[in-house]
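Only heavy atoms go into these numbers, but all of them, side chains included; no hydrogens, no water, no symmetry mates. Convention: sequence-line order gives letters A, B, ...; per-chain numbering from 1. For clarity, every value in this text was computed on a predicted model and none was experimentally measured.
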Amino acid sequence: MTPAELSQAVLVAVSAAVEAGELTVAVPEHVTVERPKNRDHGDYATNVALQLAKPAGMPPRAVAELLAARLREITGVAKVDIAGPGFMNITLDAATQGELARTIVEAGEAYGRNEALKGLKINLEFVSANPTGPIHIGGVRWAAVGDSLGRILKATGADVTTEYYLNDAGVQITKFAASLQAAANGREVPEGGYVGEYIVDIAKAITEGAPGVLDLPEDEQLQVFRTEGLKLMVAEIKRSMDEFGVHFDTYFSEKTLHDSGAVEQAITRLREQGHVFDQDGAIWLRTTDFGDDKDRVLIKADGETTYFAADAAYYLSKRDRGSEVSVYMLGADHHGYVNRLKAIAACAGDDMDRNIEVKIGQFVKMLRDGEEVRMSKRAGNIITIDDVVDWIGVDAARYTLARSSTDSTITLDINILTSQTNENRVFYVQYAHARMSSLHRKAEELGITRSTEFKPELLATEWEADLLGQLGEFPRVIAAAGELREPHRVARYLEDLAGAYHRFWDNCQVLPKGDEEVTDLTHARLWLVEATRTVLANGLDLLGVSAPERM
RNA sequence: GCGCUCAUAGCUCAACGGAUAGAGCACUUGACUACGGAUCAAGAGGUUGCAGGUUCGAAUCCUGCUGAGCGCACCA
């Protein structure tokens, strides 16, 4: 029995009690059935009696008592105890629990997928670093978290588009082009320009690709460096992302918003909604109507459109392309944008609490030998994604960045993340998978194949029960991670699951030793191992981390 | 000055308003004639920054305070 089925059964018990006139309450839509931390509290616990006590006007324990009587009638439920203020502790019989192993193995890659967010159209934008240099460490965090979230949302049935917003218009690009031009001509980088080895490399690539470029007049040169530089830089960013396992559905160009007239149209549409006004020669959006600190300029007095105007057009583009929820993932240094972005949605007539979500990711520090690492050869004083991959590898980087809440600042210790120790949690999880793969190979060598004659009741030790209980949680973990937009829940779960497996391993022999016989228990445990391997592999895939068969 | 985020074991971090706040590392003590010991078991380690409030119940929600990071452009 899965937790979802049990939860449903509890709900049925509530309805039945209400129909029988034992309880006068509105039947809740959903009841919480959770794995208690303490094993003495049974396999599952529910607080439904505590929640219904007040509306029913009865003591919680009395509510629990009458619900428990009904639950005890259900096949597979071995015991229902009432504890503390009114918790109901449910114990399942071993066969009912063990059956889960077969369910999982048969579902394979589909196990864990659910319909928590079925059909919800979500636009998930992350990284979106300016194409004027390599992705830096903050962007790497979002690459890991954002991509995992995209995978998780898909697993919860959402219709997700992952997107990278390319700021390929504006003065930063001009500075970038000027920096390239200066490098190519052996001149000093202009004021406020970009420095780093990558500038020299790109400049060189451009001059080699178009040998006559330095003979052109200055302004024509700048145009070449602008278009070619941008092309090369974007290609470089895509390469970094691809190598990191992040494949965006869309790289959305800001320039197209300007060129297509989408920015002007956006202003017109916002004006129709009544939130645009003219003052001091500029055109403004009254974002203060929706909680922003101050109103924002869309078109400056000199006629130039602002970056903010493009933001508004971009939001509307996402909306026009069908997204119900636009999720923005920004660095902590951009948290000041949250209110103005949400105000754009509200000014457009949308629900700012539903149609737009802005997630803020705190900073990431890197440590080596106890000292903070700040410098990068490639790009001067920032750490790039390629540096991170060189230092700790894709798996360790993705896993470690995705295992913490984005609300907390994190410190990546290079010494730890390149070591093969327990402290490096990605190895702990991957090792469990490698062990199971090894077991599978060993079984094949011994000529043992998993029998279809599966006797789930044999999975009866505390370690097997614990492992089965963990396996049953997987769909709910994915659903919670998706609904809360918190991929780290998946990573933490996998660590718990790997722990449960390692403990099982230490206490339960799977394959026969020496000349022992292959028994029904051997087969039952092989089902359990394969179920666990399936969940670990599915979970690691949601994080974009490999599930190695050997390490 | 205003705003956002954060504050949990010595360290790095968890904990959809639920029972005795958990892991890993580090520390102490154990388990290899072994399916992978990159593992496991036991011990010790906490007034969840401080003070109030909400309720059957608060690390979690509300208010105030302290401390840290970041942000407050007709910049992008």
Next on the checklist: Looking at B/rA21, I'd like to know if its phosphate oxygens (OP1 or OP2) sit under 4.0 Å from a side-chain N or O belonging to A/Lys37.
Outcome noted: no
Next on the checklist: Does B/rC75 have its OP1 or OP2 closer than 4.0 Å to a side-chain nitrogen or oxygen of A/Lys300?
Outcome noted: yes
Rounded to whole Å, please give me the gap between [atom1] in [X] and [atom2] in [N].
| X | N | atom1 | atom2 | answer |
| --- | --- | --- | --- | --- |
| A/Trp505 | B/rG36 | CH2 | P | 5 Å |
| A/Asn38 | B/rA15 | CG | C1' | 16 Å |
| A/Tyr501 | B/rU39 | OH | P | 14 Å |
| A/Asn339 | B/rG71 | CG | C1' | 11 Å |
| A/His502 | B/rG24 | NE2 | P | 11 Å |
| A/Ile283 | B/rC74 | CD1 | C1' | 12 Å |

Quantified in whole Å, what is the [atom1] atom distance between nucleotide [N] and nucleotide [M]?
| N | M | atom1 | value |
| --- | --- | --- | --- |
| B/rU66 | B/rU55 | C1' | 27 Å |
| B/rA14 | B/rC56 | C1' | 27 Å |
| B/rC4 | B/rU47 | C1' | 29 Å |
| B/rC75 | B/rC70 | P | 25 Å |

Checklist entry - Which pair of heavy atoms, one from A/Leu341 and one from A/Ile356, lies closest together, and at what distance? => result O-CD1, 3.5 Å
With sugar-phosphate meaning primed atoms plus P, OP1 and OP2, does [X] contact a base, only sugar-phosphate, or nothing at under 4.0 Å between heavy atoms?
| X | value |
| --- | --- |
| A/Gln279 | base |
| A/Thr32 | base |
| A/Asn47 | base |
| A/Ala434 | base |

Checklist entry - On a plain distance test, is the side chain of A/His335 in donor-acceptor contact with the base of B/rG3 below 3.5 Å? => result yes
Next on the checklist: If you assign A/Arg489 and A/Asp293 each to the RNA chain B nucleotide with the nearest heavy atom, which residue ends up on the more 5' nucleotide?
Outcome noted: A/Arg489
Checklist outcome for this item: d(A/Leu521 CG, A/His523 NE2) to nearest 0.5 Å is 10.0 Å
Next on the checklist: Tell me whether the ring of A/Tyr431 lies stacked over the B/rG36 base, given a 5.5 Å limit on centroids and a 30° limit on the plane angle.
Outcome noted: no
Checklist entry - Can A/His41 be called stacked on B/rA19 when the rule is centres closer than 5.5 Å and an angle between planes below 30°? => result yes
Checklist entry - Hey, would you say the A/Phe504 and A/Tyr501 ring centroids sit under 6.0 Å apart? => result yes
Item to check | Test applied, side-chain contact (heavy atoms from CB on, under 4.5 Å); reference residue, A/Val63; option that passes from A/Met88, A/Gln51, A/Met58 | outcome: A/Met58
